[in-house]
Amino acid sequence: MIKSFFIALGLLTRIPVPKYFHIKENDDEKLFGWSVLFYPLIGLIIGGLLVFISWCLSFLTLPASGLIEAAILLIIWVLITGALHLDGLADSADAWLGGYGDQQRTLEIMKDPYSGPAAVVVLVLVLLLKFSVLINIAWPMLLLAPVLARTAVMILLTTTPYVRKGGMAEVAVKNIPKIFVWFILILVLGLSVIFLQMQSWGLIILFIVAYLLRRLMLKRIQGVTGDTAGAMIEVMEVSVLLVLILLASIK
């Protein structure tokens, strides 16, 4: 169980993992399936770090402090994940534009290490949206965005075929203990309602966004890949931030 946590931590972040918990060839395949259950917890760690850093920055008196703090938070957010999910978003954007609706062509483009115009535009837009929201963000939004995004991916991997053969990701998807997934989902949603209170109906909007993303993946590539899962994390994080800040602005 503990090793599954560190597998998830090492996969989703660049936070150092003790050498004892590094992946080994003789590891039980079930460890990788159990690691998916820890995705929301990894999101909580990321969100907690961001909230703590935001709190520390609030003690500084800086010119245009809101802009500078937002920039620092965004940079740290990217560094924590090693831009891994942004890379998946970039690959997915290029593949969706250049795949011309063909599954095999789309999957081939995702494996291409080079980024095209679509990838650049999408990355700029996503980072711009995150930055603009971070200028005036409340701490519950900052805490929940990474949690809800990774919860969505946990559900995605549980309910969607993995289309690339071989590798740790396929092993993980095949060994997810599904009964615990739904328990964790209920727990995350319950805690989110407590945090959000009057804004909690925004969870319905986020569910629709996640559903449409999954449907898009099934339509184009008949499943999910590591790149599209990473793309979903980025899109869901932005969606959480935008939905919650818009709801907060309604009088």
Side-chain angles (χ1 to χ4, degrees), residues 1-18 21 31-58 70 72-86 88 130 133-134 137-158 172 176-197 199-200 202-203 205-207 209-210 229-245 247-248:
M1 185 73 77
I2 295 177
K3 184 159 188 176
S4 294
F5 164 76
F6 281 107
I7 289 174
L9 184 68
L11 177 65
L12 299 181
T13 75
R14 288 297 175 263
I15 298 173
V17 173
F21 295 106
L31 288 174
F32 301 104
W34 280 88
S35 71
V36 177
L37 301 181
F38 287 98
Y39 283 14
L41 179 58
I42 302 303
L44 182 62
I45 291 172
I46 295 171
L49 287 172
L50 293 174
V51 169
F52 175 73
I53 292 166
S54 177
W55 177 74
C56 292
L57 291 173
S58 68
I72 293 172
L73 276 176
L74 183 58
I75 291 170
I76 292 173
W77 200 337
V78 172
L79 290 177
I80 289 174
T81 61
L84 175 66
H85 312 315
L86 287 170
K130 274 191 175 182
V133 175
L134 287 173
I137 197 169
W139 72 265
M141 304 177 192
L142 191 57
L143 182 67
L144 285 177
V147 176
L148 292 176
R150 284 155 186 80
T151 301
V153 168
M154 178 185 70
I155 301 302
L156 175 72
L157 295 176
T158 303
I176 297 173
K178 295 182 179 181
I179 188 171
F180 292 102
V181 168
W182 306 117
F183 172 78
I184 292 171
L185 174 62
I186 293 171
L187 179 62
V188 170
L189 292 178
L191 293 175
S192 297
V193 169
I194 293 173
F195 268 98
L196 298 175
Q197 297 182 5
Q199 299 172 23
S200 59
L203 294 171
I205 301 175
L206 296 172
F207 170 82
V209 173
M232 188 176 199
I233 286 177
E234 289 294 334
V235 173
M236 289 304 299
E237 283 182 341
V238 170
S239 298
V240 172
L241 295 175
L242 287 175
V243 168
L244 295 185
I245 203 164
L247 290 178

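Here the closest heavy-atom approach between residue Leu185 and residue Met154 is recorded as N-CE, 4.3 Å. For the residue pair Ala172 and Val36, the shortest heavy atom distance occurs at CB-CG2, 4.2 Å. The shortest heavy-atom contact between Leu241 and Ala145 is CD2-CB, 3.8 Å. Considering all non-hydrogen atoms of both residues, Ala152 and Met236 come closest at CB-CG, 4.1 Å. Closest approach of Gly47 and Leu143 over heavy atoms only: C-CD1, 3.7 Å. Nearest heavy atoms, Ser54 versus Leu142: CB-CD2, 4.1 Å.
Counting heavy-atom neighbours within 6.0 Å of Phe195 CZ, excluding the residue itself, gives a total of 12 or less.
Residues Trp182 and Ile155 are in side-chain contact: their nearest non-hydrogen atoms beyond the backbone lie under 4.5 Å apart. By the 4.5 Å heavy-atom criterion applied to side chains, Phe5 and Leu37 are not counted as neighbours. Within the 4.5 Å cutoff, the side chain of Leu134 has no heavy atoms near those of the Leu50 side chain. Annotation: side chain of Ile2 is in contact with side chain of Phe6 (closest heavy-atom distance under 4.5 Å). No side-chain heavy atom of Val147 sits less than 4.5 Å from a side-chain heavy atom of Leu191. With contacts defined as side-chain heavy-atom distances shorter than 4.5 Å, the pair Val133/Met141 does not qualify. Here the side chains of Arg150 and Glu237 are in contact, with some heavy-atom distance below 4.5 Å.
Note on ring orientation: taking the six-membered ring where Trp is involved, the planes of Trp34 and Phe180 are tilted (angle from 30° to 60°).
Formation of a donor-acceptor pair under 3.5 Å by the Thr81 side chain with backbone atoms of Val78 is found in this model. Side-chain atoms of Ser239 come within 3.5 Å of backbone N or O of Val235 as a donor-acceptor pair. In this structure, Ser192 contributes its side chain and Val188 its backbone to a donor-acceptor pair below 3.5 Å.
Distance check, rounded to the nearest 0.5 Å: CG of Leu86 to CD1 of Ile233 gives 10.5 Å. One distance of note links CD1 of Ile72 with CG of Leu57; it measures 5.0 Å at 0.5 Å rounding. Summarising the geometry, atom CG belonging to Leu244 is positioned 8.0 Å from atom CD1 belonging to Ile137; distances are rounded to the nearest 0.5 Å.
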Audit row: Val209, Val243, side-chain contact (heavy atoms from CB on, under 4.5 Å) steps and yes/no: CA-CA 11 Å; Val209 173; Val243 168; 5.9 Å; no
Could you go step by step and tell me if Val181 and Leu157 meet the side-chain contact (heavy atoms from CB on, under 4.5 Å) rule? CA-CA 10 Å; Val181 168; Leu157 295 176; over 6 Å; no
Any chance you could lay out the side-chain contact (heavy atoms from CB on, under 4.5 Å) test for Arg14 and Leu79, step after step, and finish with the verdict? CA-CA 7 Å; Arg14 288 297 175 263; Leu79 290 177; over 6 Å; no
